[in-house]
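Worksheet: one structure, shown below.
Just follow the structure's listing: the first ligand is 1, and inside any ligand the first atom is 1.
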Amino acid sequence: MRKKVTIVGSGNVGATTAHWMASKELADVVLIDIVEGIPQGKGLDLYQAMPIEKRDSFVIGTNDYGDTANSDIVVITAGIPRKPGMSRDDLLNTNYKIMQDVVGKVIAASPNCILIIVSNPLDAMAQAAFKISGFSRNRVIGMAGVLDSARFRAFIAMELKVSVENVTAFVLGGHGDTMVPLPRYSTVAGIPITELMDQATVDRLVQRTRDGGAEIVKYLKTGSAYYAPAAAVTEMVEAILKDKKKILPCAAYLQGEYGINGLFVGVPCKLGARGVEDVIQIKLSAAEQSALENSAGAVKELVAVIGV
Ligand code: LAC
């Protein structure tokens, strides 16, 4: 049976996600948007690339949720992106309204899907989707940690002039200014980066990671990043569709893990066919734990505003 993935939102993040997924032949892809013509045009264009790419992913664009029926995974990217000077939190009310509209339609068409939320402010939107859908917690996942960790990995590779393949990193917490990059758990060929660079350099890379999204927004001016966010979603989709049991940092609904209850926060998760199959609890130092709690506090403030 061919797998089916729907992407809600055919803007830069949605369309680029479709591109990565089709080029890896992970699934048939449905791009859906309220804007007429854009998903159809991008979907057809992308499918016309498949004979050249030698990939049998069928790609369509649509405005009709009927076409999304029985998707295995639905990725929600719908919402307005940031402009320079805006924080992700400034998007809260507008994107919550969009989430309220979209989630109901998605789950009516695909009652058994796994939801991957990409819209910002990420953790609050994941929590909104969780509450609106009524899905069990393993089936609602927020994409942020893979992206934030990839940015940290890229900066580490640039700094040390080593292959990106050698670099692993973990960034936990909310997808915002309070995110928690963990240098102790970030390695080059297994060696913690704290052994390879001085504290000032580590601190500089940590700060650049926290500001990673804003740095791109400042360059682009009219929107936010999309290549790395889309690649991050694709890695999560692949882990689920292939039941890889891959450990990736994702926003998950915590029920006591890390001392946090009833809130979406970025933590290491095991992704497989059932979605989040496990939340991995790693030992944190007192400073790391308090940074995670501080970040969870920032998410809590946002979810309180929209009451989810
Ligand atoms: C970023 C936005 C998409 O981090 O949240 O680039």
| said: At under 4.0 Å between heavy atoms, is it the side chain or the backbone of Asn120 that contacts ligand 1, or both, or neither? | reply: side chain
| field | Those atoms of ligand 1 less than 4.0 Å from some heavy atom in Arg88 | value | 1 (C), 2 (C), 4 (O), 5 (O)
| message | Any carboxylate oxygen within less than 4.0 angstrom of a Lys/Arg side-chain nitrogen, looking at Asp28 and Arg2? | response | yes
| query | Could an N or O of ligand 1 be found under 3.5 Å from any N or O of Asp148, whether backbone or side chain? | reply | no
| field | Those atoms of ligand 1 less than 4.0 Å from some heavy atom in Ala225 | value | 6 (O)
| request: Mark yes when over 12 heavy atoms from residues, nucleotides or ligands other than Glu36 sit less than 6.0 Å from its CD; otherwise mark no. | output: no
| query | Which residue holds the protein heavy atom closest to atom 6 (O) of ligand 1, what is that atom called, and what is the gap in Å? | reply | Arg151 NH2, 2.7 Å
| Residues Asp243, Lys245; criterion salt bridge (Lys or Arg N to Asp or Glu O under 4.0 Å); working and verdict | CA-CA 6 Å; Asp243 192 21; Lys245 319 286 187 198; 3.0 Å; yes
| request: Assess the pair Phe135 and Phe130: is the distance between their ring centroids shorter than 6.0 Å? | output: no
| request: Could you pull out the closest heavy-atom pair between Gly256 and Asn261, with the gap in Å? | output: N-OD1, 3.4 Å
| Atoms of ligand 1 less than 4.0 Å from Gly213 heavy atoms? | 1 (C), 4 (O), 6 (O)
| Mode of Met179 contact toward ligand 1 - side chain, backbone, both, neither (heavy atoms, under 4.0 Å) | neither
| said: Quick check: is Ile80 connected to Tyr226 through a chain of hydrophobic side chains (ILVMFWY, heavy atoms under 4.5 Å apart)? | reply: no
| field | Residue portion contacting ligand 1 (non-hydrogen atoms closer than 4.0 Å) for Leu147 | value | side chain
| Can you list the ligand 1 atoms lying under 4.0 Å from a non-hydrogen atom of His175? | 1 (C), 2 (C), 4 (O), 5 (O)
| request: Kindly work out whether a path of hydrophobic side-chain contacts (I/L/V/M/F/W/Y, heavy atoms less than 4.5 Å apart) joins Leu46 to Val237. | output: yes
